[in-house]
Amino acid sequence: MRGLATILHADLDSFYASVEQRDDPRLRGRPVVVGGGVVLAASYEAKAHGVRTAMNGRQARALCPQAIVVPPRMAAYSEASRRVFALFRDTTPEVEGLSIDEAFLEVGGLARIAGTPREIAARLRERVAREAGLPISVGVARTKFLAKVASGASKPDGLLVVDPAREREFLHPLPVRSLWGVGAVTAGRLHEVGVRTVADVAALGEAALVSYLGPAAGRHLHALAHLRDSCPVDTHRTRRSIGSQRALGRHPRTDTELDGILASTVDRLARRLRAPRGSDRDEPDETVDIDGPSVPRDAGGAATGGRVCRTVVLRVRFGDYARITRSHTLPVATAHTPTILSAARRLLSDALPEIHARGITLLGLSLTNLDRDDALQLELPLDAHTGPALDTALDAVRSRFGSASVGRASRLGHDEGLQVPLLPEHE
């Protein structure tokens with residue numbers, strides 16, 4: 001079916017804000033901002049005034065004084081996501097969830113029983129509006145990349161089908177930021193050499209792109225600009241990493257405070273690694289500081305569980321908003337909290353001199369190179385459970401009495417932030 005436009009990218013519009021407007025009729029048609037210190041989501045009425053996700057709350061209120069600010073309700077968003085994903089899976093068994101509010105759907109095998117992809121997409125939008133009470137935009141195309149671009153172009157609450165015969169006409173006039181993998185830094189490099197549209201990227205040639213951006217990025221962007229994307233809809237998508245980051249505001253933080261935040265982050269991520277699959281559907285994918293979260297684009301990816309990690313990655317944003325990333329690869333993959341924490345503390349210790357000089361506004365941690373815990377090769381002594389007895393006991397307490405039932409004494413009285421819902425890995 002790869003020659004036909006059979007892939008749907010379905011993306012809920014301003015998800016958190018739409019749930020708030022659905023549940024409170026007084027908010028409908030009015031500018032709504034979810035979050036206080038920072039914008040977690042903004043309705044399209046607020047976006048019309050320039051309000052954007054991850055914007056400082058003070059800046060958002062200056063742009064839109066009439067905005068109605070509401071606190072986030074993560075349980076409501078989780079429930080809404082589950083309802084919508086049930087509709088996705090009732091449409092086709094071929095569903096690849098990207099986050100709690102978007103997914104790819106392959107409908108190429110449904111022509112005889114459900115109609116054309118356009119008809120299927122139209123019915124899906126109608127069902128989501130009627131049964132979940134939410135607006136959703138859908139792009140339909142031959143590839144996942146083009147379907148995602150199409151859904152973005154159709155927003156808000158629209159449907160756009162990219163005819164395979166007119167793909168180049170659709171894609172090439174778009175700005176380079178439309179390409180997967182092009183952020184502010186890469187776009188800046190391309191702008192420096194006069195490359196501003198996808199057509200410019202296609203005309204530049206692979207060799208030139210590789211020289212500017214490196215082999216992986218250069219070849220990747222060259223392929224996309226020339227309409228090459230062979231990735232199928234993957235119904236068994238698993239995460240290669242998990243992470244959590246916390247914005248810290250602009251006031252100074254002591255080394256002890258930073259260590260406490262790092263330790264609580266490790267506790268949470270290690271617990272997610274160890275949790276049996278399917279048991280952590282309500283656990284957070286990102287911890288967000290109420291006073292100023294950084295909300296990544298992929299903040300609701302698939303859950304993990306029954307995993308081990310090999311690499312620990314520390315992310316720091318300084319007071320001047322420049323960022324650094326530091327990583328340490330462990331000799332043996334693990335989900336053991338003290339082992340992961342020790343590696344994270346070494347990374348933080350190495351970064352402290354620069355933090356002291358430049359300040360810090362965000363601290364994040366990712367665990368990468370994930371693998372199944374049953375794929376772990378045991379070392380002497382031959383016991384998979386050597387060492388993590390305390391981890392197991394604490395996991396059991398938190399599972400029975402809640403994640404806040406036990407924690408580190410150094411974090412008593414400290415706000416641990418909002419916990420953003422995530423998409424289960426498999427259902």
Side-chain angles (χ1 to χ4, degrees), residues 1-12 15 81-82 84-111 114 117 120-121 124 128 136-152 161-162 164 167 178-182 216-217 219-221 223-224 227-243 272-273 275 277-278 280-281 285-286 296-310 366-375 421-427:
M1 307 302 297
R2 298 315 300 272
L4 304 176
T6 62
I7 295 177
L8 278 57
H9 179 258
D11 192 2
L12 291 160
F15 178 46
S81 174
R82 280 193 281 270
V84 171
F85 267 81
L87 296 175
F88 290 165
R89 294 188 174 93
D90 193 46
T91 300
T92 173
E94 301 294 312
V95 176
E96 177 184 342
L98 299 181
S99 68
I100 64 167
D101 61 353
E102 63 174 324
F104 288 115
L105 294 80
E106 172 61 73
V107 299
L110 303 178
I120 294 170
L124 175 63
V128 171
I136 191 168
S137 296
V138 180
V140 185
R142 181 180 56 86
T143 67
K144 289 164 65 173
F145 164 62
L146 286 174
K148 186 171 175 67
V149 174
S151 70
V161 180
V162 180
E167 291 176 346
S178 302
L179 293 172
W180 271 349
V182 177
R219 291 168 186 154
H220 167 71
L221 296 187
L224 292 182
L227 307 172
R228 296 196 300 271
D229 173 21
S230 59
C231 297
V233 172
D234 182 2
T235 59
H236 300 290
R237 180 175 181 265
T238 60
R239 298 208 61 178
R240 294 183 294 272
S241 67
I242 60 172
R272 279 187 53 202
L273 280 178
R277 299 219 180 176
D280 60 346
R281 63 170 57 239
D285 184 52
E286 287 290 330
R297 185 67 188 92
D298 61 344
T304 54
R307 298 292 184 89
V308 289
C309 79
R310 183 77 186 276
S366 296
L367 308 180
T368 67
N369 290 337
L370 303 187
D371 202 351
R372 301 190 316 273
D373 58 1
D374 58 5
L422 74 159
L423 179 69
E425 189 169 329
H426 299 302
E427 290 192 317

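The first residue in the sequence is number 1, and the count goes up from there.
Here the CG-OG1 distance, from Leu105 to Thr235, works out to 11.5 Å after rounding to the nearest 0.5 Å. The distance from atom OG1 of Thr143 to atom CG of Leu224, rounded to the nearest 0.5 Å, is 8.0 Å. The CD1 atom of Ile242 lies 9.0 Å from the CZ atom of Arg307; values are rounded to the nearest 0.5 Å. Considering CZ of Phe88 and CZ of Phe104, their distance stands at 11.5 Å, rounded to 0.5 Å.
The two residues Ala147 and Leu8 make their nearest non-hydrogen contact at CB-C, 4.4 Å. Minimum interatomic distance between Cys309 and Thr368 (heavy atoms only, all atoms of both residues): CB-O, 3.7 Å. Pro117 and Ala5 make their closest contact through CG-O, 3.2 Å (heavy atoms, listed as atom of the first residue, atom of the second, distance). Taking both residues in full, the closest heavy atoms of Arg142 and Leu227 are given as NH2-O, 3.1 Å, listed atom of the first, atom of the second, then distance. Counting all heavy atoms, side chain and backbone alike, Phe85 lies closest to Ser99 at CZ-O, 3.4 Å. The minimum heavy-atom distance between His9 and Leu98, with the atom names listed, is NE2-CD1, 3.8 Å.
Taking the side chain as every heavy atom from C-beta outward, Phe15 and Ser81 approach each other to under 4.5 Å. A 4.5 Å side-chain heavy-atom check between Leu273 and Val308 finds every atom pair outside the cut-off. In this structure, Val140 and Ile120 have side chains that are not in contact, with every pair of non-hydrogen atoms separated by 4.5 Å or more. Looking only at side-chain heavy atoms (C-beta outward), Leu179 and His220 stay at 4.5 Å or farther from each other. Side-chain contact check for Leu146 versus Asp229: every heavy-atom pair is 4.5 Å or farther apart.
Not a single donor-acceptor pair under 3.5 Å links the side chain of Glu102 to the backbone N or O of Asp11. Between the side chain of Thr92 and the backbone N or O of Glu106 there is at least one donor-acceptor pair closer than 3.5 Å. In terms of modelled atom types and a separation under 3.5 Å, the side chain of Arg310 and the main chain of Asp371 share no donor-acceptor contact.
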Test side-chain contact (heavy atoms from CB on, under 4.5 Å) applied to Val182 and Leu221, step by step:
CA-CA 8 Å; Val182 177; Leu221 296 187; 3.6 Å; yes

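Remark: Ala150 engages Leu160, Val162, Phe170 in a side chain to side chain contact (heavy atoms under 4.5 Å, CB included) (not counting sequence neighbours). With sequence neighbours excluded, no residue forms a salt bridge (charged side-chain N to carboxylate O under 4.0 Å, His left out) with Glu94.
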